[in-house]
Amino acid sequence: MTPPASATAMSQVAAAPRAELDALDDAALRDALMRMHLIRKFEETAEASYMRGLVHGTMHLSIGQEASAVGSISPLARDDYILSTHRGHGHCLAKGADPARMLAEFFGKETGYCRGRGGSMHIADVEVGNLGANGIVAGGLPIAVGVGMSIKAQKLPRVCMVFFGDGAANEGAFHESLNMASIWTLPVVFVCENNKYGMSMDIAKAMAVANVADRAAAYAMPGVVVDGNDLPAVAAASRVAVARARDGGGPTLVECKTYRLRGHSKSDRNLYRSKDEIEGWRARDPIRRLESELVATGRFDAATLATIEADAAREIERALEFAKSSPDPDPADLTRDVYAE
Amino acid sequence: MPNDVMAAKAAPAAQADATRTLSYAEAIREGLAQAMEADPRVFLFGEDVGVYGGAFGVSGDLYHRFGAERVIDTPISELGLAGAAVGAALTGMRPVLEIQFSDFATLAMEQLVNQAAKIRFMFGGKASVPMVVRLPGGSGTGAAAQHSQSLEAWFAHVPGLKVVQPSTPHDAKGLLLAAIDDPNPVLIFEHKLLYKTKGPVPADAYRVPIGKAIVRRQGRDVTIVAASVMALRALAAAEALAADGIDAEVVDLRSLRPIDTETIVASVEKTRRLVVVYEGVKTMGIGAEIAARIAERDVVRRLAAPVVRLGGADSPIPYNPVLEKAAVPQEATIVAAVRTLMQGDRR
């Protein structure tokens, strides 16, 4: 699947993009762009810090997938829940996390979201409904079912959105979770971020149907394919799915077709994909694409865009300083939080 | 010392309600009902726990008493169900999940071990997962290799989980209520052979503390440490041994994680001999852990004989009833092992 072909395929399944742009007011667009820049600069900073030996451990960067995270989360309220993946920095920031505490977690510091115990793959921010990234492929899917049961039992007007990759769609947990969410009409939105590869395995070789969303039919829920690099399109699809969940209509499976411009993790030498493919997708960078559209339609001028990007850059610089200057955890506290008292 | 205090406290309470007898299954059901009456966050879910009343009849009429929203029949999806318990617990509920046979927990390992056990720690102590999983386990019912295992040691190996193994109706109810109160994931390994056993059960919603063993029988000569059905076999063996003039002390572990090392050590200090009896496979099992805890203490210097482990055979549980009995310790096995231990001691 080359990028132009997939773009054609997507334009056939996605609704008209201009109407989707018109649905977002200037404040919403500014907020979305700001968050996309924050994610991009956060991850570039994380990557650079790793290269310079400032952090240990691996990381999974979502550079190129920012529209999927920000667009999907855009209709959620503060007390709605999300569950994220190993490639979850974007979801976390989109849900309102403080990049300074995130970067501190990355650096393993006591001031991080998990006090240095979780690292990149386990960042959670329970106060804003972020129930955690997850190091296990498809690990969040069954948990989302329980969150949905909880929301329903407590009669709360909330929604749970669970992110997972194309690889997770081949785990048994995917089947069990979508089935249970559907039979119990749970307020869950399943967002598959199909970035085309489960590590190195091409989804076209790993799955017999063309789209993960095609599987929604087996669970009697709507399955929607959306261009995951088109922020207004993702936001529009998510609004429909979130509204349906909140109104008691049950779950939806949204598939965002996207692409990670970086490797799977730090060990990736890109042996399974071509430079041309990567460059083709780079031309569809979701941030530059939204910016061009905003200028072309006269919504924002170039100076406004520059200000937003500069604001994001400053925030990440502040976050880096905070992370670097924060203290390490005390080994004496190692087992303190294994059990709740 | 603490074990004697526990025994002294437990005995009069049990005697006060001695006229009221329930089966192990009824005691669990009563505990579930009392927890659901007291706290709207508590719900029971699992395969066939509703209309059917549970594969072993534990949930019984709870579906009719509490309705389909609090006693929830589920698809056969152990992994999904364990994850659902995690999600519900994380967001304010108190789920109780029945995994129909403890063997099927193998299908749910990911959620139990990677998620439930670790979430609090990974999140830096900023969340808790107050869920209970009930797991009917053990051999002796002719259910063969995939419906008869004793996998409790697997879970007792995992930091973040708590693991209990009640041997009496009294403890089955009290440990369940303590588990539902507990802010951590607690796995209750119930024994299928015990569901119909009867014993005194107070009517009030009492708790049996997690992490505390109990001395079921005082003795001078040898300490037998066991849990669940093995604790009952150890007690029966102790009576048989008394006829030989061997006075065995029986420690019922009740909890595997956390384990009550002090009660075991205190007993062995007194008797200077230790036999550990457990149904799980002997190799790399609970017996090794307990033996090691004794070996790490000063009491090891005063042992009158080597520690004896009586565990399950290094074999799957067989179907044939003769073989099945041979695969795990029986009363006669315990009696014979203790006699040999005492003879070796004299020699």
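Letters A, B, ... are given to chains in the order of the sequence lines, protein chains preceding strands, and every chain is numbered from 1.
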* Mind listing the closest non-hydrogen atom pair of A/L103 and A/A319 along with its distance? => CD2-C, 4.0 Å
* So does B/R207 pair up with B/D181, basic N to acidic O under 4.0 Å? -> yes
* Structure fact -> Per-residue tally against chain A (heavy atom, under 4.5 Å) across B/A88, B/A127, B/A116 peaks at B/A88
* Which region of A/Y339, side chain (C-beta onward) or backbone (N, CA, C, O), has a non-hydrogen atom less than 4.5 Å from a non-hydrogen atom of chain B, or is it both or neither? -> both
* What part of B/L161 lies closer than 4.5 angstrom to a heavy atom of chain A: side chain, backbone, both or neither? -> backbone
* Examine whether an atom of A/E110 lies under 4.5 Å from a heavy atom of chain B, and if so say whether it belongs to the side chain, the backbone or both; otherwise answer neither. => neither
* For residues B/F43 and B/R94, determine if any side-chain heavy atom of one lies less than 4.5 Å from a side-chain heavy atom of the other. => no
* chain B interface, residue from A/M149, A/R158, A/M180, A/R336 that has the most non-hydrogen pairs under 4.5 Å -> A/M180
* Asked: So does B/R254 pair up with B/D252, basic N to acidic O under 4.0 Å?
  -> no
* Do you know which of B/L90, B/D182, B/T74 has the most heavy-atom pairs under 4.5 Å to chain A? -> B/T74
* Structure fact -> Looking only at A/G140, A/G139, A/C160, the option with the highest number of non-hydrogen pairs under 4.5 Å against chain B is A/G139
* Among A/K152, A/E105, A/R115, which residue forms the greatest number of heavy-atom pairs with chain B at distances under 4.5 Å? -> A/R115
* Asked: Pick from A/L83, A/V147, A/V145, A/I123: which one has the most heavy-atom pairs with chain B under 4.5 Å?
  -> A/V147
* Asked: With respect to chain B, which residue among A/I183, A/N179, A/N134 yields the maximal number of heavy-atom pairs within a distance under 4.5 Å?
  -> A/N134
* To do: Output the option from B/S128, B/G124, B/P183 having the highest count of non-hydrogen pairs under 4.5 Å with chain A.
  => B/G124
* Is there side-chain contact between B/D61 and B/F66, with at least one heavy-atom pair below 4.5 Å? -> no
* Between B/Q115, B/E69, B/R70, B/E78, which has the largest tally of heavy atom pairs under 4.5 Å with chain A? -> B/Q115
* Against chain B, label A/V126 side chain, backbone, both or neither, depending on which of its atoms sit under 4.5 Å from a heavy atom there. => side chain
